[in-house]
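Numbering starts at 1 and runs along the sequence shown. Computed from a prediction, not measured in an experiment: that's the story for all the values here.
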Amino acid sequence: MEKPEKTEITYEYTKKRKHFGRQTLFEDQGPEMIVSIPNNPAFYKNYILRNPVDVGIQNTCTMSEHWVNSVRAEYTSSGVNHVEGGWPKDINMNDPEATQRYRRKIEKDDAYIHAVMHLGHSMEHNILQNNAVDMYETYYTELPSIPPVENSSCHTVNVYREPGARRPVRSLSWQADGGARFAAAHADVELIKNSRNPQYSYIWDIENANAPELVIKPPQPLLDFQYNPRDRDILVGGMINGQVGWWDTRKGEEPAGICPPHVAHRDLVRNVLFINSKTGAEFFSASPDGVVKWWDTRNMSEPTDSMIIDIVKAVTDTQSIENAIGISALEYEPTIPTRFMVGTETGLVIGGNRKGKNAVEKLPTKYEAHLGPVYALQRNPTFVKNFLTVGDWTARVWSEDCRESAILWTYSHRTKLTDGAWNPIRFSLMLVTQWDGCLSCWDLLRRRSAPIVTAQLCDEPLLRLRPHEAGQLVACGSSKGTVYLAELSQNLGTADKNDKQLLTHVLDRENKRERILEARMRELRLKMRQDHGAGGPQAAESEVPANDRDLEEATAEYMQTINDLQSQQKTDT
């Protein structure tokens, strides 16, 4: 019986050469059922259910390693026994004076100089043969350094919540000389009469957000609480009933001195500030009753001075408390000791002079800043002639030389702005808090059309902010009693050497532009008064400039065309 021959099962794939390298086009195709094997319930007991299932899968390419021996260099070490020799017979080499004289004689010979110069090249070549490569060498050190790409940012680093009740933050103040503590005043003005909870304020250590370092217990809720810039343990505060007092943290939580009620303000005290004095114990306060009072912590029985914020037109007019304008913001610059500024509830910013002899000299300047109350007012720390105001929906930068309009301003925000301040280190940076819980940073040198950074710190409204003296930390207080400590990026908290010069050019240019516009407006108003005084259109027409005359002629021609069209339509109908 013959065995069958073995045949190999092969299949040859053929493809024409012209089809090589063509693009492969794929298309979607549904799954095809090839075989379906039903499970056998009898085998269930042979398996163990695992959940979860861990399976190791290698998802990286396999790498191979190869070693190659390079050509080895052969090194030899040899030594030379060198002894001093080659001296003439008549020279005793053990005699230092004789050898010294012989050296001087040889060194003066011209052949010696040429021999040394000839040997110098060969010696330098041999020395360089032993140089090794410095693997830690820094190359291109002679090239100038390129400034890093700026990355502006702002993020929250800590949150301090009021223990117990959640009352709005009314004031924030940092400890002087770069201290690591800040004071927060809490008060709920609307529910103060119906609330039975104690109205405390707190002093926090930025390193401990679990509990305040000291609880301040005033007799009435505090609306403003400020550190003394000279003494790190002294604070002054203004209360909701019009009284002012001062505290010493070394003595405890109770006030060290409070003014009597009969000499206090008639309304709540929103602002207190220390002034520049020799003793460092004097401060002044402001209230919506329209009166500014000066105090001395050494004697709180009565104020040392007071001023009614009532703008009068003549020197002979007297200021009246009935016509006083309510104060919502207060500003003081230590470098100008006799002057101060107040922001009013009617949107005015009034400059005051404590040493004025009459009512007009006491309130010499007035700026129509905002449509509503002025929430924040602060001079620039470097350019004291320029100050920042925050109110309604805008923040504006003013100059003392331009009283009719601001020189710089932000666009109208969708939400109300609540507070603002300059950065003490980067003096071109404005920090503004918003009602929607955002902290926006405006840099006058980088971009004036929009903020360079807007950080959403919380969902509730932010009411107060206070930057730290170092420039990178900003404390923001919300309407629910929480203080958010935000940290700015390095470029937002430091100033460059050219920033002062650049900001000077910006402010001078905008100041000059506003002065030109003010002069133009005064000329137009003067011309209008003259036209009304002349009483005749012919006299007014003779004084109209060429540009205005062209505008009037174009307007008359346009109106004539409209009338002709209307009359034509009437005839057609």
Side-chain angles (χ1 to χ4, degrees), residues 167 169-177 179-187 189 192 198-205 212-289 291-307 327 329-334 337 340 342 354 464 466 469 475 477:
R167 296 170 297 132
V169 178
R170 298 297 178 181
S171 173
L172 292 170
S173 178
W174 285 95
Q175 196 175 33
D177 299 331
R181 296 175 178 82
F182 65 89
H186 299 259
V189 181
I192 183 62
Q199 304 288 323
Y200 296 155
S201 296
Y202 308 94
I203 294 178
W204 294 85
D205 188 347
E213 187 179 69
L214 181 63
V215 179
I216 302 297
K217 298 181 179 179
Q220 293 291 329
L222 290 173
L223 291 180
D224 199 3
F225 202 38
Q226 298 294 325
Y227 266 103
N228 189 334
R230 293 189 179 182
D231 194 336
R232 305 177 67 175
D233 299 316
I234 303 298
L235 299 98
V236 294
M239 289 173 273
I240 202 169
N241 63 344
Q243 290 179 289
V244 295
W246 66 283
W247 279 258
D248 190 343
T249 57
R250 294 166 295 188
K251 295 182 180 179
E253 56 197 17
E254 299 296 333
I258 297 180
C259 72
H262 65 277
V263 297
H265 290 274
R266 297 185 178 184
D267 204 343
L268 49 86
V269 180
R270 285 182 178 171
N271 307 102
V272 289
L273 282 178
F274 276 95
I275 64 175
N276 188 11
S277 60
K278 295 181 179 179
T279 60
E282 297 181 12
F283 68 98
F284 68 134
S285 59
S287 171
D289 62 359
V291 181
V292 178
K293 295 186 177 183
W294 283 264
W295 308 85
D296 194 332
T297 57
R298 297 171 296 180
N299 183 12
M300 296 291 294
S301 59
E302 59 180 359
T304 58
D305 194 5
S306 63
M307 182 185 298
I327 302 172
L330 189 62
E331 197 282 331
Y332 178 79
E333 174 60 36
F340 65 94
V342 295
R354 188 181 178 186
R464 290 290 178 268
R466 182 62 65 91
E469 291 182 4

Might you point out which heavy atoms bring [X] and [Y] nearest each other, and give the distance in Å?
X	Y	value
Ile275	Tyr332	CA-CE2, 3.5 Å
Glu302	Val263	CA-CG2, 4.3 Å
Arg250	Ile234	NH2-CD1, 4.1 Å
Leu222	Ala187	O-CB, 3.5 Å
Pro218	Met239	CB-SD, 4.4 Å
Asp267	Pro288	OD2-CB, 3.6 Å

Check whether any side-chain N or O of [X] sits under 3.5 Å from a backbone N or O of [Y] as a donor-acceptor pair, and report yes or no.
X	Y	value
Arg230	Ser277	yes
Asp224	Val272	yes
Trp174	Arg466	yes
Ser306	Val292	no
Trp294	Pro303	no
Arg464	Arg170	yes
Asn228	Gly280	yes
Ser173	Tyr227	yes
Ser171	Phe225	yes

From [X] [atom1] over to [Y] [atom2], what is the distance, rounded to the nearest 0.5 angstrom?
X	Y	atom1	atom2	answer
Trp295	Glu282	CH2	CD	13.0 Å
Lys293	Thr304	NZ	OG1	11.0 Å
Lys251	Asp233	NZ	CG	11.0 Å
Gln243	Gln220	CD	CD	7.5 Å
Trp246	Ile258	CH2	CD1	11.5 Å
Asp177	Asp231	CG	CG	10.0 Å

Enclosure of Arg232 CZ (heavy-atom neighbours >12, cutoff 6.0 Å): yes
Please say which of Leu223, Leu330, Val342 ends up in a side-chain contact (heavy atoms from CB on, under 4.5 Å) with Asn271. Leu330
Would you check if [X] and [Y] make a side-chain contact, meaning some heavy-atom pair closer than 4.5 Å?
X	Y	answer
Phe283	Val244	yes
Phe284	Met307	no
Ile203	Glu253	no
Pro219	Pro255	yes
Gln226	Leu235	no

For Arg354, check salt bridge (Lys or Arg N to Asp or Glu O under 4.0 Å) against everything at least two apart and list the hits. Asp305
Which of Trp204, Tyr202, Tyr200 passes ring pair (Phe, Tyr, Trp, His ring centres under 6.0 Å) with His186? Answer is Tyr202
